[in-house]
There are 2 protein chains.
Amino acid sequence: MKRIMIIEDETTLRDELSILLKNAGYEPVAVTDYSNVSEQMKSSYSDLILLDINLPNVNGETLLQDFRKSNDTPVIMLTSRTTEIDEVLSMSYGADDYITKPYNPTILLLRISAVLKRSAKVGAVQKYHDVEVSTVKGSLTRNGSEQILTKNEMIIFQQLLDRQGEIVTRDELMTALWDNDEFVNDNALSVNVSRLRGKLAELGLPEAIETRKKQGYVLK
Amino acid sequence: MKRIMIIEDETTLRDELSILLKNAGYEPVAVTDYSNVSEQMKSSYSDLILLDINLPNVNGETLLQDFRKSNDTPVIMLTSRTTEIDEVLSMSYGADDYITKPYNPTILLLRISAVLKRSAKVGAVQKYHDVEVSTVKGSLTRNGSEQILTKNEMIIFQQLLDRQGEIVTRDELMTALWDNDEFVNDNALSVNVSRLRGKLAELGLPEAIETRKKQGYVLK
DNA sequence: AAATCAAGTTTCAGATTTGTAACTTTGACG
DNA sequence: CGTCAAAGTTACAAATCTGAAACTTGATTT
């Protein structure tokens, strides 16, 4: 489930957002104490942040710019006046999208889903729980210890991660791994999954990949 | 410079858009012949497409759905209808965003920049000109021919692609490739760049990586 | 023009990755 | 339980990847 942090000072609006997001299957986390927003943004993990540009005693632009120095979490800006759009445009703020208030709930959900879909594929640093996934380097890092995945292992892990919690069939994995014309021993997949499991176990996650006999695999 | 294709039948509006985009630093490409829009969308490369949903004799939604089967280029719909349902529908047809006419130039530019930023992050299928870059598989594909990059080659290419047009120093590449503590022959980088160049040459891009003596490399 | 130096290329041996084969384990179903 | 097919594991050889070394190229400096 995707966790979405809400940074919005109008209580009514904040509660509305929370309910809307919860109903849409997200896990909303509302920030209520604005004295240390910056710390809260940096310290607690979320998949996306909804950030009101007009917070009391806080400059949303500076806040975001500062946050961006250390974090790639996608941010959608909430702006209330049309005139603000010019400010937003003129600065290199680092937001991934913006919504003008008052917003249409359907549109907001669509934008959230669009931003999440895109950022899920970021090559630089993806996350699986507390594991950092670098597709380019082909590495998994957890608590400072690192495992280097081979190309095949990375392809399998990526497929499972893209559809975390869902069953991915062996056929789908085979298609992702090998061209249709090149014949491969059906067992080769088992071998590669086994190797991937070995490396996940080294990171303290021996049960991350679950087998569903006759169906496929699930990344928990 | 980002190339934006404009598909809009009202001449005045089209010209206005061209000028607006050019002034904002984009390269506008206006489609004027509507008899084969679909082919033009598919055949000529652009970073983003502005598509009028109401073209004479063409159903914009069908056009988009068809286009999406083979292409991930972001599309912003231009629509004159204002009911919410239409907006929602156009996004579910595969559009990345929509704008209702008459549109505010500032808003339009903002949306373009947001969509481009989002799509620039896609890790699964990045683009270098007309080359498809798959980080996970470590492959480059151009005109149907594919080259498999090794991990090192991919890291170098990714670094250069991230900062396309800028000079990336040899030191920066070395840092991305090897941990500081492990000693590697300085020449190893030259070898890896050479190998990467060889593969790019196989794809018909022998000059893609330029050497700047004493400074670094630039991906053109 | 010669000297110098950064970068490119080729070759080679060690390391890693990979699919296959043979064998073991698991769990569903009678 | 016992059977049996599906999935897991291990060992191994072939293919690929990789850095070092030796040598070449090309540009800049003297």
*Using 4.0 Å as the upper bound for N to carboxylate O, is an ion pair formed by A:E146 and A:K137?*
yes
*Would you kindly give the CG-to-C1' distance between B:D171 and C:dA6, to the nearest whole Å?*
14 Å
*d(NZ, A:K151; C1', D:dT18) in whole Å*: 13 Å
*Nearest-Å distance for atom pair CG/P, residues B:N192 and D:dC17*: 11 Å
_Protein-nucleotide distance (B:L177, atom CG; D:dA20, atom P), rounded to Å_ = 12 Å
*Among pairs that include at least one residue of residues 148-180 of chain A, which meet ring-ring contact (aromatic ring centres under 6.0 Å, His included), considering only residues two or more places apart or in two chains?*
A:Y128-A:F157
*Verify the contact: side-chain N or O of B:W178 to OP1 or OP2 of D:dT18, cut-off strictly under 4.0 Å; return yes or no.*
no
_Whole angstrom value for the distance that separates C1' of C:dT18 from CG of A:L196_ = 15 Å
*Do we see a donor-acceptor contact under 3.5 Å between the side chains of B:R14 and B:T32?*
no
*Name all residues meeting the side-chain contact (heavy atoms from CB on, under 4.5 Å) criterion together with B:T169; count only those two or more places apart in sequence or in a different chain, and write none if there are none.*
B:D171, B:E172
*Does A:N152 make a side-chain N or O approach to OP1 or OP2 of C:dG19 shorter than 4.0 Å?*
yes
*Got a salt bridge between A:E153 and A:R195, using NZ or NE/NH1/NH2 to carboxylate O under 4.0 Å?*
no
*Quick one: on DNA chain D, does B:K199 or B:V184 contact a more 5' nucleotide (nearest heavy atom)?*
B:K199
*asked:* Can you measure B:I155 atom CD1 to D:dG19 atom C1' for me and round it to whole angstrom units?
replied: 15 Å
*Determine, for nucleotides 5-10 of chain D in 5'-to-3' order, which nucleotides have protein heavy atoms under 4.0 Å from the base (write B), from only the sugar-phosphate (write S), or from neither (write -).*
-BSBBB
*May I ask you to test the B:V193-B:S190 pair for a side-chain heavy-atom distance under 4.5 Å?*
no
*Test side chain to side chain donor-acceptor pair (under 3.5 Å) on A:T211 and A:R197 and set out the steps.*
CA-CA 11 Å; A:T211 301; A:R197 276 185 173 139; 2.6 Å; yes
*Calculate the interatomic distance between B:Q147 atom CD and D:dT16 atom P; express it in whole Å.*
13 Å
*Protein-nucleotide distance (A:M154, atom CE; D:dC17, atom C1'), rounded to Å*: 19 Å
